[in-house]
Amino acid sequence: IKITPMNITLLLNVTGLFLTFTGSFLMFLNSPRVDFNTYMYFKDEHSELRRKADKLNKRIKLGMLLIALGSALQLFGLIF
């Protein structure tokens with residue numbers, strides 16, 4: 001395959017779209033559920049819930065990072 005500016009632009013755009021889609025999907029899957037009830041938890045339950053919340057927050061941050069990288073790649077491909 002011959003490397004031309006058109007191929008590089010296409011590769012950057014496709015990679016950017018893939019990263020943006022993956023990041024959006026991660027954020028959608030790990031978004032917090034809305035719960036209007038109030039509960040009182042024991043310490044062990046609270047620590048387990050905190051661990052799960054931290055894991056979801058890390059996935060949402062990863063999703064946002066992927067969206068940002070994908071958008072940056074697409075912008076770079078457009079300028080290139």
Gap separating the CG atom of D44 from the CD atom of E48, nearest 0.5 angstrom: 9.0 Å
Using side-chain heavy atoms (C-beta onward) and a distance below 4.5 Å, is N7 in contact with T4? yes
Say whether, by atom type as modelled, one donor and one acceptor occur between the side chain of S31 and the main chain of F28 under 3.5 angstrom. yes
When K55 is tested against each of R51, K52, K58 for side-chain contact (heavy atoms from CB on, under 4.5 Å), which residue passes? R51
L12 with I3, same ILVMFWY side-chain cluster at under 4.5 Å: yes
Can you name the salt bridge (Lys or Arg N to Asp or Glu O under 4.0 Å) partners of E45, sequence neighbours left out? none
Roughly how far apart are S24 OG and L19 CG, rounded to 0.5 Å? 10.5 Å
Would you mind writing out the side-chain donor-acceptor pairs for residues 60-80 within the sub-3.5 Å range, not counting sequence neighbours?
residue	atom	partner	partner atom	Å
S71	OG	I67	O	3.0

